[in-house]
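In this chain, numbering begins with 1 at the start of the sequence shown. Below, all heavy atoms of this structure are taken into account, side chains as well, without hydrogens, waters or symmetry copies.
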Amino acid sequence: MTTSKPLSVAVIGAGMAGRSHAAGYRNVNTVFGAGLPPVRLAAIADANVALGEDAARRYGFEKALPSWEAVVEDPTIDAVSIVVGNALHRPIAEALVAAGKHVLCEKPLAGSLEDARAMAALERSAEVVTAVGYTFRRAPAIAAIRDHVLRGELGDLTLFGGRYWCDYATDPNGPLSWRFKGGAGSGALGDVGSHIIDAAEYVAGPIASVSGAVLSTQITKRALPLGAVVGHNAAPVSDEFGEVENEDTASFTARFESGLVGTFSVTRTGFGLPNGLAFDVLGVSGRAAFDQHRPAEYLFDDAQPDARTRGARQIIAGPQLPYFAGGVPMEAPGVGASNGDNFTYQARAFLDQVAGVAEPLPACATFADALRTMEIIQAVVDSSRSGGASVAVPPAA
């Protein structure tokens with residue numbers, strides 16, 4: 001049942017991704033149909049008070065709070081995004097759910113597989129909405145490619161080739177932030193690899209096993225920061241160095257439950273690639289490709305009647321794609337698409353679930369979905385430790 005009572009939202013974490021959540025909440029009532037109650041932008045919480053205050057000012061939130069506990073204790077807040085270091089996800093989620101608040105947690109679900117399993121168990125008994133921020137599911141082009149696959153327009157799939165190549169860790173003088181702490185699988189695999197793994201299963205179905213995994217670290221020591229590190233930004237560093245504890249780069253092969261073969265590579269030390277999520281999905285009668293560096297389009301090829309005109313076609317994002325109609329101010333092909341739009345669609349989908357609107361967007365990924373991604377990541381780590389041996393992934397629920 002929908003209600004006219006405002007939904008009060010908060011964001012825990014005022015860094016790069018936290019601001020994306022904040023912007024999404026600010027825009028939710030500007031997209032798609034009616035039915036969502038007014039949204040009250042209640043608070044942004046961050047231990048870096050100045051950072052939180054700046055984010056609250058920029059995105060129109062009422063106040064900044066100095067801790068996540070302050071959000072838990074505020075009885076007026078209904079729904080919360082958790083956008084902080086992975087190791088903090090579990091305690092914050094447990095406290096929020098106990099307080100009766102709906103939770104949208106950034107990926108990866110947790111800092112460890114043990115914590116992720118505990119969060120999935122929490123979800124099963126929770127009386128609130130629990131969701132995970134796999135934002136690329138909201139990209140119109142990726143959703144369109146998924147529709148091609150589900151409609152059988154590519155025929156039987158033969159290969160999925162996925163990659164997420166980034167350059168945010170190429171500078172050896174960059175600070176040793178929390179992103180470089182944690183065991184194998186918590187580096188590039190957990191950070192960007194979780195996105196491409198989820199995108200692969202979203203488009204092509206469940207993964208059954210992985211093999212041939214290799215993890216490597218190109219920059220093994222980094223300078224200790226002198227203060228807070230925000231996102232991937234540079235920061236003043238000391239003369240002392242600490243060990244990088246996780247991988248910069250990883251690659252592996254996967255076999256899907258359908259028999260489809262997949263190849264994957266991820267890196268945070270890929271020079272000149274700011275945000276390079278991309279994939280190709282091939283079938284016996286068609287193929288499609290997406291590159292986040294060109295997010296307002298995708299490539300599509302199928303068996304045209306005249307062989308002279310066959311070849312990959314550039315499909316420009318427009319009202320014919322999912323999310324575009326009703327999701328942008330100017331509903332015309334060629335006006336673009338952005339990562340910020342995806343966060344708006346994700347926030348709207350989450351609040352659609354919370355409010356129980358009559359015609360909701362497709363539901364967000366669940367804690368259980370995100371646990372599965374972490375189980376795949378653990379299988380990749382296990383494969384790398386056993387010389388590339390095949391490792392089974394628990395069956396999809």
*Asks:* Is a donor from one side chain sitting under 3.5 angstrom from an acceptor on the other, for His21 and Glu106?
*Replies:*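 Per modelled atom types, His21 and Glu106 side chains form a pair under 3.5 Å.
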*Asks:* With distance as the sole criterion, is a donor-acceptor pair present between the side chains of Asn342 and Gln346 under 3.5 Å?
*Replies:*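 On atom types as modelled, these side chains do not qualify, holding no pair under 3.5 Å.
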*Asks:* For atom CG of Asp156, is the number of surrounding heavy atoms from other residues, nucleotides or ligands below 6.0 Å larger than 12?
*Replies:* no
*Asks:* With rounding to the nearest 0.5 angstrom, report the CD1 to CD1 distance, Ile145 to Ile315.
*Replies:* 9.5 Å
*Asks:* Please determine whether side chain to side chain contact (heavy atoms under 4.5 Å, CB included) holds for the pair Val132 and Leu109, giving the CA-CA distance in whole Å, both sets of side-chain angles, and the decisive distance to 0.1 Å.
*Replies:* CA-CA 7 Å; Val132 176; Leu109 182 60; 4.0 Å; yes
*Asks:* Is there side-chain contact between Arg294 and Gln314, with at least one heavy-atom pair below 4.5 Å?
*Replies:* yes
*Asks:* Is the distance between the ring centroids of Phe32 and Tyr345 under 6.0 Å?
*Replies:*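 Yes: the rings meet the under 6.0 Å criterion.
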*Asks:* Output every pair passing salt bridge (Lys or Arg N to Asp or Glu O under 4.0 Å) with a member in residues 57-66, not counting sequence neighbours, ordered by first then second residue.
*Replies:*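 Sorted result for residues 57-66: Arg40-Glu62, Asp54-Arg57, Asp54-Arg58, Lys63-Asp74.
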*Asks:* Please examine the side chains of Pro360 and Val357, heavy atoms only from C-beta on, and report whether any two atoms are closer than 4.5 Å.
*Replies:*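 Heavy-atom side-chain distance check passes, below 4.5 Å.
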*Asks:* Indicate the atoms forming the closest heavy-atom contact of Val210 with Ile207, along with that distance.
*Replies:*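 Minimum heavy-atom contact is CG1-CG2, 4.2 Å.
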*Asks:* Verify the ring-centre separation between Phe264 and Phe160: is it less than 6.0 angstrom?
*Replies:*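 So the answer is yes for these two rings.
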*Asks:* For the CD atom of Gln292 and the CG atom of Asn275, what is their distance to the nearest 0.5 Å?
*Replies:*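 It is 5.5 Å, given to the nearest 0.5 Å.
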*Asks:* To the nearest 0.5 angstrom, please state how far the CG atom of Leu371 sits from the CZ atom of Arg117.
*Replies:*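 Rounded to the nearest 0.5 Å, the CG-CZ separation comes out at 6.5 Å.
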*Asks:* Grab the two heavy atoms, one from Phe300 and one from Ala288, that are nearest each other, plus how far apart they are.
*Replies:* CD1-CB, 4.3 Å
*Asks:* Please tell me if the side chains of Ser285 and Glu153 come closer than 4.5 Å, counting only heavy atoms from C-beta onward.
*Replies:* no
*Asks:* Show the nearest heavy-atom pair for residues Ala349 and Cys364, with the distance to one decimal.
*Replies:* CB-SG, 4.0 Å
*Asks:* For Thr158 and Leu282, indicate whether the former's side chain and the latter's backbone hold a donor-acceptor pair under 3.5 Å.
*Replies:* yes
*Asks:* Is a donor on one side and an acceptor on the other found under 3.5 Å between the side chain of Lys101 and the backbone of Ile77?
*Replies:*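 Yes; judged by distance alone, with no hydrogens or angles, the pair exists.
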*Asks:* So, do Asp280 and Arg163 sit near enough that their side-chain heavy atoms are less than 4.5 Å apart?
*Replies:* yes
*Asks:* Quick one: do Val72 and Leu122 end up in the same hydrophobic cluster if we chain Ile, Leu, Val, Met, Phe, Trp and Tyr together by side-chain heavy atoms under 4.5 Å apart?
*Replies:*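 Yes.
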*Asks:* What are the two closest non-hydrogen atoms of Ala141 and Glu297, and how far apart are they?
*Replies:* CB-O, 3.8 Å
*Asks:* Between His89 and Val84, is there a side-chain heavy-atom distance shorter than 4.5 Å?
*Replies:* yes
*Asks:* Is it the case that Gln304 and Thr309 place a side-chain donor and acceptor less than 3.5 Å from each other?
*Replies:*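 There is no such pair (donor and acceptor under 3.5 Å, judged by atom type) between the side chains of Gln304 and Thr309.
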*Asks:* Quick check: do Val80 and Val9 have side-chain heavy atoms less than 4.5 Å from each other?
*Replies:* no
*Asks:* Answer yes or no: is there a donor N or O on one side and an acceptor on the other, between the side chain of Ser386 and the main chain of Asp382, under 3.5 Å?
*Replies:*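 Answer holds: yes.
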*Asks:* Ignoring hydrogens and angles, tell me if any N or O in the side chain of Ser238 forms a donor-acceptor pair with the backbone of Leu224 under 3.5 Å.
*Replies:* yes
*Asks:* For the pair Asn29 (side chain) and Pro37 (backbone), establish whether a donor and an acceptor sit closer than 3.5 Å, ignoring hydrogens and angles.
*Replies:* yes
*Asks:* Give, for atom CG of Leu157 and atom CZ of Arg287, the distance between the pair rounded to the nearest 0.5 Å.
*Replies:*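 It is 14.0 Å, given to the nearest 0.5 Å.
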*Asks:* Can you tell me if Glu359 uses its side chain to pair, donor with acceptor, with the backbone of Gly33 under 3.5 Å?
*Replies:* no
*Asks:* Measuring from Leu273:CG to Trp165:CH2, what's the distance to the nearest 0.5 Å?
*Replies:*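 Interatomic distance, Leu273 CG to Trp165 CH2, rounded to 0.5 Å: 7.5 Å.
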*Asks:* Is there side-chain contact between Asp46 and Leu51, with heavy atoms separated by less than 4.5 Å?
*Replies:*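 Of all side-chain heavy-atom pairs linking Leu51 with Asp46, at least one is under 4.5 Å.
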*Asks:* With side chains defined as the heavy atoms from C-beta onward, is the minimum distance between Ile82 and Trp68 less than 4.5 Å?
*Replies:*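 A side-chain contact is absent here, since even the closest heavy-atom pair is not under 4.5 Å.
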*Asks:* In terms of hydrophobic clusters joined by side-chain contacts under 4.5 Å, are Phe343 and Ile142 together?
*Replies:* no
*Asks:* For the side chain of Ser265 and the backbone of Ser251, is there at least one donor-acceptor N/O pair under 3.5 Å apart?
*Replies:* no
*Asks:* Main chain of Gly327, side chain of Glu331: is a donor-acceptor contact present, judged purely on distance under 3.5 Å?
*Replies:* no
*Asks:* Among side-chain atoms of Ser194 and Tyr134, is any donor-acceptor pair under 3.5 angstrom?
*Replies:*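 Looking only at side-chain atoms, Tyr134 and Ser194 do not form any donor-acceptor pair under 3.5 Å.
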*Asks:* Within the side chain of Glu123, is there an N or O that forms a donor-acceptor pair under 3.5 Å with the backbone of Phe367?
*Replies:*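 Yes, the answer is positive, given that a donor and an acceptor are paired below the 3.5 Å cut-off.
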*Asks:* Around atom CG of Asp306, are there more than 12 heavy atoms from other residues, nucleotides or ligands closer than 6.0 Å?
*Replies:*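 Enclosed: over 12 neighbouring heavy atoms sit under 6.0 Å from CG of Asp306.
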*Asks:* Mind listing the closest non-hydrogen atom pair of Thr267 and Val192 along with its distance?
*Replies:* O-CG2, 4.3 Å
*Asks:* Is there a donor in the side chain of Asn246 and an acceptor in the side chain of Arg268, or the other way round, less than 3.5 Å apart?
*Replies:* yes
*Asks:* Ignoring hydrogens, what is the shortest heavy-atom contact between Leu321 and Ala144? Give both atom names and the distance.
*Replies:* CD2-CB, 3.7 Å
*Asks:* Same cluster for Leu41 and Val83 if Ile/Leu/Val/Met/Phe/Trp/Tyr side chains link at under 4.5 Å?
*Replies:*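 In one cluster with Leu41: Val83, yes.
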*Asks:* Under the side chain to side chain donor-acceptor pair (under 3.5 Å) rule, what do Ser81 and Tyr25 come out as? Steps first, then yes or no, please.
*Replies:* CA-CA 10 Å; Ser81 282; Tyr25 286 128; 2.7 Å; yes
*Asks:* Give a yes or no on whether Leu104 and Leu36 share a hydrophobic cluster (residues Ile, Leu, Val, Met, Phe, Trp, Tyr; joining criterion: side-chain heavy atoms under 4.5 Å apart).
*Replies:* yes
*Asks:* Please enumerate all residues that pass salt bridge (charged side-chain N to carboxylate O under 4.0 Å, His left out) together with Asp352, with sequence neighbours excluded.
*Replies:*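 Asp352 satisfies salt bridge (charged side-chain N to carboxylate O under 4.0 Å, His left out) with Arg348 once adjacent residues are dropped.
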*Asks:* Under 6.0 Å between ring centres: does that hold for Tyr298 and His148?
*Replies:* yes
*Asks:* Which is it for Tyr323 and Arg138 under the side chain to side chain donor-acceptor pair (under 3.5 Å) test, yes or no, and what are the steps along the way?
*Replies:* CA-CA 7 Å; Tyr323 297 107; Arg138 307 296 168 178; 2.8 Å; yes
*Asks:* Decide whether Tyr168 and Asp191 meet the rule of one side-chain donor and one side-chain acceptor closer than 3.5 Å.
*Replies:* yes
*Asks:* With side chain to side chain donor-acceptor pair (under 3.5 Å) as the criterion, how do Glu247 and Thr217 come out once you've worked through the C-alpha distance, each side chain's angles and the decisive distance to 0.1 Å?
*Replies:* CA-CA 5 Å; Glu247 72 287 344; Thr217 305; over 6 Å; no
*Asks:* Tell me yes or no: between the side chains of Thr249 and Gln218, is some donor less than 3.5 Å from an acceptor?
*Replies:*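 A donor-acceptor contact under 3.5 Å links the two side chains.
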*Asks:* Does any donor atom in the side chain of Asp369 or Thr366 lie under 3.5 Å from an acceptor atom in the other side chain?
*Replies:*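 Distance-only check passes for Asp369 and Thr366.
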*Asks:* Got a donor-acceptor contact below 3.5 angstrom from the Ser8 side chain to the Thr76 backbone?
*Replies:*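 Yes, the answer is positive, given that a donor and an acceptor are paired below the 3.5 Å cut-off.
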